[in-house]
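Residue numbering restarts at 1 for every chain, and letters A, B, ... go by the order of the sequence lines.
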2 protein chains.
Amino acid sequence: MSQRTPYRTGDQTLVREINLSLIMNRLLEHHSLSRADLAEVTGLNKSTVSSLIQNLLDYQIVREVGLSSSGVGRPSMLLELNPEAGYIVSCEIGVDTILIGCANFGAEIIWRYREDTRHRHGQQAIIERVLALLDEAIATGERLCRTCGGLLGIAIGVPGLVDHDTGTLLFAPNLGWQDVPLRAILQERFENVTVFVENEANMAALGEYFFGAARGCDEVLFISAGVGLGGALIRDGNLLHGATGFAGEFGHMTMDPDGALCNCGNQGCWETQVSQTALFRTIRHAIQSGRSSLLSASTGGDLDRLTVPLVVEAARAGDPVALYALEQVGHDLGIGIASLVNALNPELIVVGNILSLAGEFVLPAVEAELHRRALPWNANGMRIVPAQHGFEACVMGGVAIVYQAVLSQPGRILG
Amino acid sequence: MSQRTPYRTGDQTLVREINLSLIMNRLLEHHSLSRADLAEVTGLNKSTVSSLIQNLLDYQIVREVGLSSSGVGRPSMLLELNPEAGYIVSCEIGVDTILIGCANFGAEIIWRYREDTRHRHGQQAIIERVLALLDEAIATGERLCRTCGGLLGIAIGVPGLVDHDTGTLLFAPNLGWQDVPLRAILQERFENVTVFVENEANMAALGEYFFGAARGCDEVLFISAGVGLGGALIRDGNLLHGATGFAGEFGHMTMDPDGALCNCGNQGCWETQVSQTALFRTIRHAIQSGRSSLLSASTGGDLDRLTVPLVVEAARAGDPVALYALEQVGHDLGIGIASLVNALNPELIVVGNILSLAGEFVLPAVEAELHRRALPWNANGMRIVPAQHGFEACVMGGVAIVYQAVLSQPGRILG
DNA sequence: TATTAGTTGGTTGGGGCAACAAACAAAATA
DNA sequence: TATTTTGTTTGTTGCCCCAACCAACTAATA
């Protein structure tokens, strides 16, 4: 009997934690509620709610926003999460961009910035630029909202495998990075602030769950295609992390055992069929084999300058090559999604990044394959929707990840 | 504000429930512990442990089993779950067998029975036989152990999709059944007893988690090949059910978009490549195309009489056709497992049913494909093992499912 | 052998904390 | 003024924790 206990025992602080969390989550969900509403909605006793709210008011995490009369009886005092309770800084290190935002506790982005990084060379240069932008974001946050919590947390999303214990980016094939101790680097610069490092797709999924298309859904599959193909699964508000934190690498599922070589070393990964790279390759092949397309003109003849917005624009104009390529992506996406629907039985699928942009041309083919291949019991009643926050889903996810930490352990910021 | 609350609030009874559950789980895990050990292991206070144990002793769910001296100091009184605290009846309705068992609260099977159902025709006849066997199992349980709880629950495992709200078997392609309200049928016959109806693979996974090869693992992928291919995922002791309860249908993931037709209606399902049926088909093709095999003789020339034990026996004797067919299964199994490892990042994979029997010939090919195709970060440190309970995993799972209900809500049987 | 110190196991009683219930105060309408 | 709804106050209950204490054993010592 030597090991220290990993189990969380039940005690009073746990009870308080649970109920505080319950209340804050309901306030997030409904935006504003009275104490009486909260008692009704949570099932807690009126006096308990009052006590919890008093606690939150003391720390200015919640604020009273005015009376609301619902006909007869004493009017109620509406409560909401105080947007100025603190601020959150969230940053996505993409393959060729940095996206950064600063949000208040009302989850409104009060400052955002986007920068192309194609001209910057090397990991060192990019990380230094990120640090500088974080300084700027923090300065903005300090200026605009610091009632009690100040900076509540910094979140960094990266397109690769993250070791959650250490916050190290282990492997990012599309970025060409390996073993970068991101959390340690940031923690050194920003002491006493919690730093979250997470896979970009995981973050984006959380962003859509808290603030986007997946609000209120208990079983969400998120699929995000960009340079590569990433994904995540959310169950009851929590990411499925797997044993070592690398779950959700749907892009590296084998779809064709003898297929094209993938950056990961395997053959026929889903990512070789469904991604920006695959889309452009299909278009290039079609044009090179003599098919005419508006894209030849709109890229000025240089197909290396293809972008997803250009492809979507061409598709809108009825360009057959663009339509064909997008449908091909939808077809291959659909086969994989059907498999995942059978395996995981989600309630909702959210498609992100370029898929949210090209949804109108991709999703019909997806739906067709899905209903052809998935068990009807799994597929019926399930919806597929584009991400509400589009390319900003990841940054919103950084906000969400900090939010989640605060909401699930309100005690920590209550001192 | 009209809806009734679906949220569990925190209160004292929740705390008690959590701590009782903690203690019973530790007793299950270590088999016997003293109060002092429990305090150490759970992190609960000594006096709290004493109080909880007194409660469990009063209801004879736990019993004292004698002193144990660890050298110096006062000897401790060891405690264990009382095997006679009640009994559990568990039954698997397989494609061509019924397996049934009665277990005491020590999870020892005190009565078991297996019956071939190939001579019985029709759903009605089989269900009536199941009911009769359940009577017999209950009679045995009543005779051998009914201290406090009596019959703690009945569990039925079936090879198909189960609607958990109603306990209805919606679709069992390999059984040819559809929309059978199993729980309602049993509940009518056995009133005041909790009846659990669950997918066979889900149950088997739970059996291995509680009492078999997956004990203590937090992220377990279970893959079970029989007539079809089923599976399940266990996270922190709970089955992944998905939105409507149909998660884990890995057998119907598309592996070859233009492959063979599956019973489910789709093409190229994993189940068409990896299952008893697929194994036999490969062997039949090989022999029909002229390859010589020991199996021609051991089946008396009638390849319809192939069985998995015969194939394994032939493989042990070095028969090339048997070895080839098993390796082929391993190869296709490995490709799919690699995908699932990338998607779900399990800590352990347990292969069940015929795979546990043929493991020695199947697993090497699986490991080879796995390490060729899965991301090293996901695959390294992961183990693949055969199910410890082999063909009885499902029945053990029925015991586990009742156990889980009791352990997670000890309050219910404490009155 | 008898005594005493030391060690570990388990119980008892007091205190604190959080939720709950019921009575009550407050603020509106009819 | 009666009624309705909101929110607070007061007192109770249940559960865990802590610290002191009793219990049972070993080992050392006279």
State whether the distance check finds a donor on one side and an acceptor on the other, under 3.5 Å, for side chain Gln12(B) versus base dC15(D).
no
Taking 4.0 Å as the cut-off, does a side-chain nitrogen or oxygen of Asn45(B) come that near to OP1 or OP2 on dC18(D)?
yes
Rounding to an integer number of Å, can you tell me how far Leu33(A) CG sits from dT6(D) C1'?
14 Å
In terms of side-chain heavy atoms, does Ser21(B) have a donor or acceptor partner in Asn25(B) at a distance below 3.5 Å?
yes
Distance, rounded to the nearest Å, where Lys46(A) contributes NZ and dT4(D) contributes C1':
12 Å
Tell me whether the side-chain N or O atoms of Arg74(A) pair up with the base of dT6(D) as donor and acceptor below 3.5 Å, since no angle test is needed here.
yes
Taking CG from Leu14(A) and P from dG16(C), how many angstroms apart are they, rounded to a whole number?
22 Å
Would you mind telling me which of dT11(C), dC16(D), dT6(D) lies closest to the side-chain atoms of Leu52(B)?
dC16(D)
Between Asp58(A) and Gln54(A), is any side-chain donor less than 3.5 angstrom from a side-chain acceptor?
yes
Does a nitrogen or oxygen in the side chain of Arg16(A) sit under 4.0 Å from OP1 or OP2 of dA19(C)?
yes
Residue Val72(A), side-chain heavy atoms: nucleotide from dT4(D), dG6(C), dG7(D) that is nearest
dT4(D)
Is there a donor-acceptor pair under 3.5 Å between the side chain of Glu198(A) and the backbone N or O of Gly398(A)?
no
Quick check on DNA chain C: between Gly73(A) and Arg35(B), whose nearest nucleotide comes earlier from the 5' end?
Arg35(B)
With a 4.0 Å cutoff (strictly under), does any side-chain N or O of Ser47(B) reach OP1 or OP2 of dT12(C)?
no
Rounded distance (Å) that lies between atom C1' of dA18(C) and atom CD of Glu17(A)
13 Å
Heavy atoms only, 4.0 Å cut-off, all strands: where does Ser34(B) land among base, sugar-phosphate and nothing?
sugar-phosphate
Looking at every strand, decide which applies to Ser50(A) at a 4.0 Å heavy-atom threshold: base, sugar-phosphate, or nothing.
base
Would you classify Ser69(B) as touching base, sugar-phosphate or nothing, given that sugar-phosphate means primed atoms plus P, OP1 and OP2, and contacts are heavy atoms under 4.0 Å?
nothing
Contact nearer the 5' end of DNA chain C, comparing Leu67(A) with Thr13(A):
Thr13(A)
Rounded to the nearest 0.5 Å, what separation is found between the CD1 atom of Ile53(B) and the CE atom of Met24(B)?
9.5 Å
Is the phosphate of dA19(C) approached by Asn19(A) (side-chain N or O, under 4.0 Å from OP1 or OP2)?
yes
Between dG10(C), dC16(D), dA28(C), which nucleotide gets closest to the side-chain atoms of Met77(B)?
dG10(C)
Over how many whole Å does the gap from Leu38(B) atom CG to dC16(D) atom P extend?
14 Å
State whether a side-chain donor-acceptor pair under 3.5 Å links Asn19(A) with Thr9(B).
no
